[in-house]
Chemist: 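I am attaching a structure below and will ask some questions about it afterwards.
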Amino acid sequence: MGKPVREYLLTLCITAAVTYLLTGPVRKFAIVAGAMPEIRARDVHREPTPRLGGIAMFFGLCAGLLVADHLTNLNQVFETSNEPRALLSGAALIWLIGVLDDKFEIDALIKLGGQMIAAGVMVVQGLTILWLPIPGVGSVALTQWQGTLLTVALVVITINAVNFVDGLDGLAAGMVCIASTAFFLYAYRIWYSYGIEAAAPATLFSAILMGMCLGFLPHNMHPARIFMGDSGSMLIGLVLAAGAISITGQVDPDALNLYVGSEKEAVHQTVPVYIPLLLPLTIIAVPAADLILAIVRRTWRGQSPFAADRGHLHHRLLEIGHSHSRAVLIMYFWSALIAFGALAYSVNSASMWIVLGIVFLSAIGLVLLLLPRFTPRTPRWMERFVPPRYRRRGVPALAPEASTPASAGEQPASVALEDRAPVVTGVSGVNGATAIGARSRLADRRKAGTR
């Protein structure tokens with residue numbers, strides 16, 4: 001089987017194009033269907049914004065699988081493995097549950113049960129963990145029940161981690177896109193470098209997931225015109241988990257044959273190179289940490305672990321003064337640092353430069369966290385190429401007549417509009433979610449009864 005890089009790129013582009021083109025009509029459908037919930041206390045947007053963006057993402061997934069099935073080389077993935085069909089079955093089920101939740105706000109326990117059922121559907125069709133490479137022990141074969149429980153646990157954790165982090169415009173889609181990019185490079189390396197065909201499904205899933213996120217991001221960046229909702233966040237979480245399960249449970253670590261000796265020695269020495277279970281956990285380290293902290297925080301307060309609050313990482317970034325866009329970029333930075341740091345370590349664990357580079361970039365990330373008031377300015381010759389928020393803008397001086405006291409009724413409407421200061425970043429826009437401004441606004445909101 002050849003190495004169809006161009007076919008992967010074609011599949012990615014088709015998935016992104018279908019998702020992008022369908023998101024606009026889906027937005028109109030969501031408005032007509034009334035899938036525009038009221039503003040909740042924990043939300044950071046100030047205007048009702050339609051959900052159901054997961055509809056476009058699901059059809060992008062279907063288009064990607066359909067195109068891959070008709071390509072010369074990728075078609076063999078469907079002929080030799082049932083995993084793409086298992087993914088589509090589980091994705092359809094979790095997508096339907098998400099659509100119902102976006103429209104009718106179903107109970108959290110019902111969603112949890114649906115996530116388990118979707119994972120079980122994939123297990124029944126063969127997408128499950130069969131063995132685990134354990135350092136110092138070797139490949140440990142799992143019983144059917146052990147593999148099923150581990151698979152269901154990984155799916156549920158990944159889905160909820162992505163769902164919990166979906167709180168700012170473009171945050172979940174961007175972080176999952178970064179994670180899937182790192183995972184694609186890892187899976188393709190396992191397949192291309194070592195000739196392990198069992199890694200092909202995971203490579204395909206990662207390419208399709210990148211296309212889904214890239215196609216949706218232009219509509220979801222701040223200010224968002226549409227949200228992916230649970231129908232989208234749970235869907236991309238399941239696809240990400242499916243790729244991790246595929247390369248974890250289906251690829252035998254002894255097949256790498258990098259070292260001569262017993263299987264125990266081979267697995268022990270190749271752990272830095274072959275970390276199929278650890279890498280998927282590292283690429284969702286930020287949302288997983290947010291998930292764990294949220295459960296501990298809510299349980300400590302005597303609340304349900306599924307009770308929503310404003311204590312997530314992205315909420316705290318807004319509290320200390322970061323703008324909406326900068327908070328998202330900081331979360332992107334940490335996700336990319338962890339994901340690609342683990343990827344680089346898996347390629348060459350003996351290189352001290354990798355460790356030093358990660359430490360240096362971590363220091364930069366900490367500096368960015370401590371500079372919430374820093375506003376980047378772009379050189380004038382580049383202003384035409386950047387968004388308006390990064391351009392130099394001066395507040396127009398008021399006319400002498402405007403400085404004298406006058407009633408609002410004595411000024412024409414056009415004069416009042418002209419003398420008004422330009423709207424700065426963070427003020428409510430017309431398309432959807434916006435950032436919380438100064439800390440005083442957040443404090444006023446909390447006084448209103450939020451926690």
Side-chain angles (χ1 to χ4, degrees), residues 11-38 43 45 47-68 84-85 87-106 110-111 114-115 117-118 121-122 158-160 162-163 165-177 180 205 207-221 223-242 431-433:
T11 303
L12 187 154
C13 293
I14 293 297
T15 304
V18 172
T19 304
Y20 176 80
L21 294 176
L22 288 180
T23 302
V26 167
R27 179 179 182 272
K28 297 180 180 179
F29 169 76
I31 295 175
V32 173
M36 296 179 63
E38 297 180 356
D43 291 334
H45 60 282
E47 298 177 5
T49 305
R51 295 183 181 178
L52 295 178
I55 295 179
M57 303 179 81
F58 177 74
F59 283 105
L61 169 67
C62 296
L65 292 175
L66 182 63
V67 170
R85 299 174 183 86
L87 170 65
L88 184 60
S89 302
L93 180 58
I94 203 70
W95 171 72
L96 288 175
I97 296 173
V99 169
L100 293 177
D101 180 67
D102 289 341
K103 173 60 180 175
F104 302 107
E105 294 282 349
I106 62 179
I110 297 179
K111 289 194 293 183
Q115 295 168 7
I117 294 175
V121 168
M122 295 194 300
T158 308
I159 288 176
N160 286 281
V162 175
N163 193 20
V165 82
D166 184 23
L168 297 179
D169 298 349
L171 182 58
M175 292 181 66
V176 172
C177 184
S180 58
F205 297 165
I208 292 177
L209 183 56
M210 279 192 288
M212 295 166 61
C213 296
L214 290 175
F216 184 72
L217 268 175
H219 298 273
N220 191 232
M221 293 302 292
R225 304 181 68 248
I226 185 173
F227 295 153
M228 66 172 67
D230 283 2
S231 59
S233 62
M234 293 197 299
L235 175 63
I236 60 178
L238 182 134
V239 178
L240 181 61
N431 292 327

Chemist: V239 and F205: which non-hydrogen atoms are nearest, and at how many Å?
Modeler: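 V239 and F205 have their closest heavy atoms at CG1-O, 4.0 Å.
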Chemist: Counting only N and O atoms by type, is there a donor-acceptor contact under 3.5 Å from the side chain of D230 to the main-chain atoms of D101?
Modeler: no
Chemist: In the structure I gave you, are the side-chain heavy atoms of M57 and M228 within less than 4.5 Å of one another anywhere?
Modeler: yes
Chemist: Just verifying a value: how many Å separate I236 CD1 and C177 SG, rounded to the nearest 0.5 Å?
Modeler: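 SG of C177 is found 9.5 Å from CD1 of I236.
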Chemist: Is the closest side-chain heavy-atom distance between V99 and I55 below 4.5 Å?
Modeler: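 A side-chain contact under 4.5 Å exists here.
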Chemist: Quick one: closest heavy-atom pair of A118 and L238, and the distance?
Modeler: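 Closest pair (atom of A118, atom of L238, distance): CB-CD1, 4.1 Å.
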Chemist: Of all heavy-atom pairs between N220 and G170, which one has the smallest distance, and what is that distance?
Modeler: OD1-N, 2.8 Å
Chemist: What are the two closest heavy atoms between A224 and T49, and how far apart are they?
Modeler: O-CG2, 4.0 Å
Chemist: What I'd like to find out is whether the side chain of L214 reaches to under 4.5 Å of the side chain of L12, using heavy atoms alone.
Modeler: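 In short, these two side chains touch, coming nearer than 4.5 Å.
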Chemist: Using only atom types and a distance under 3.5 Å, with no angle test, would you say the side chain of D166 pairs donor to acceptor with the backbone of A172?
Modeler: no
Chemist: Which value, rounded to the nearest 0.5 Å, describes the distance between L171 atom CG and S233 atom OG?
Modeler: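 The CG atom of L171 sits 11.5 Å away from the OG atom of S233.
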Chemist: Distance check, rounded to the nearest 0.5 Å: M122 atom CE versus I117 atom CD1?
Modeler: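 Between atom CE of M122 and atom CD1 of I117 there are 13.0 Å.
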Chemist: Are the side chains of V162 and M234 in touch, meaning some heavy atoms are under 4.5 Å apart?
Modeler: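 They are not in contact (no side-chain heavy atoms under 4.5 Å apart), so the answer is no.
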Chemist: As an exercise, state the distance from CZ of R27 to CZ of F227, rounded to the nearest 0.5 Å.
Modeler: 10.5 Å
Chemist: Any chance you could measure F58, atom CZ, to I94, atom CD1, to the nearest 0.5 Å?
Modeler: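 It comes to 11.5 Å.
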Chemist: Do I97 and I110 come close enough that some side-chain heavy atom pair is under 4.5 Å?
Modeler: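 Side chain of I97 against side chain of I110, heavy atoms only: no contact under 4.5 Å found.
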Chemist: Where do V18 and A63 come nearest, in terms of heavy atoms and distance?
Modeler: CG2-CB, 3.8 Å
Chemist: Would a 4.5 Å heavy-atom cut-off, applied to side chains only, mark F59 and T19 as touching?
Modeler: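 Not touching, per the 4.5 Å side-chain cut-off.
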Chemist: First locate atom CG of L66, then atom OG1 of T15, and finally report the distance between them rounded to the nearest 0.5 Å.
Modeler: 10.0 Å
Chemist: Which atom names give the shortest non-hydrogen contact between F216 and G53, and what distance separates them?
Modeler: CE1-CA, 3.8 Å
Chemist: For the residue pair Y20 and H219, establish whether any side-chain heavy-atom pair is separated by less than 4.5 Å.
Modeler: yes
Chemist: Mind checking whether L235 and M212 have side chains closer than 4.5 Å, heavy atoms only?
Modeler: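 They are in side-chain contact.
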